[in-house]
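Accompanying notes for the structure given below.
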Amino acid sequence: MSQGIHRKIRSDAIWAEVRKAWEAGETARSVARRYDVGVHALWKRREAEGWARPEPKAGPVEPAEGWGAYVQGGATPSRLAWRMRGRWRNVWSRR
């Protein structure tokens with residue numbers, strides 16, 4: 001009884017959909033699961049065919065509470081940094 005390698009052979013149409021989904025920003029694992037292709041095969045094909053995701057469009061980063069609350073609260077960059085320092089200290093001390 002031979003135990004050969006089981007290969008999933010997918011059509012070019014399937015790979016075109018895989019590429020479209022991956023370039024749209026979906027993770028490799030979710031694309032591989034949805035189209036029943038191997039993650040390693042996806043990465044190999046991505047390298048061979050030169051798939052690329054578009055650069056993300058970065059805009060101004062808005063505070064979670066909004067700019068109005070940011071200004072009304074008297075927040076300055078140094079105060080904000082001091083608050084965030086305390087939050088990160090709490091996060092790291094839990095480990």
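In what follows, every heavy atom counts, from backbone to side chain, and hydrogens, waters and symmetry copies are set aside.
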Seminar exercise, completed: For A21 and Y35, the nearest pair of non-hydrogen atoms, with its separation, is CB-CE1, 4.3 Å
Problem set entry | For R45, salt bridge (Lys or Arg N to Asp or Glu O under 4.0 Å) partners two or more places apart | E49
Seminar exercise, completed: Sorted by chain and residue number, the salt bridge (Lys or Arg N to Asp or Glu O under 4.0 Å) partners of R34 (sequence neighbours excluded) come out as E26
For this session: Begin with the C-alpha distance, continue with both residues' side-chain angles, and end with the deciding distance and a verdict on side-chain contact (heavy atoms from CB on, under 4.5 Å) for W51 and W43.
Result: CA-CA 9 Å; W51 300 0; W43 288 118; over 6 Å; no
Problem set entry | Donor-acceptor pair, side chain of R53 and main chain of A24, under 3.5 angstrom | no
Seminar exercise, completed: Sorted by chain and residue number, the salt bridge (Lys or Arg N to Asp or Glu O under 4.0 Å) partners of D36 (sequence neighbours excluded) come out as K8, R10
For this session: Drop me the distance from D12's CG to R19's CZ, to the nearest 0.5 angstrom.
Result: 12.0 Å
Exercise. In Å and rounded to the nearest 0.5 Å, what is the OG1 to CG distance from T27 to L42?
Worked result: 9.5 Å
Problem set entry | Shortest non-hydrogen separation from V39 to A32 and the atoms involved | CG2-CB, 3.7 Å
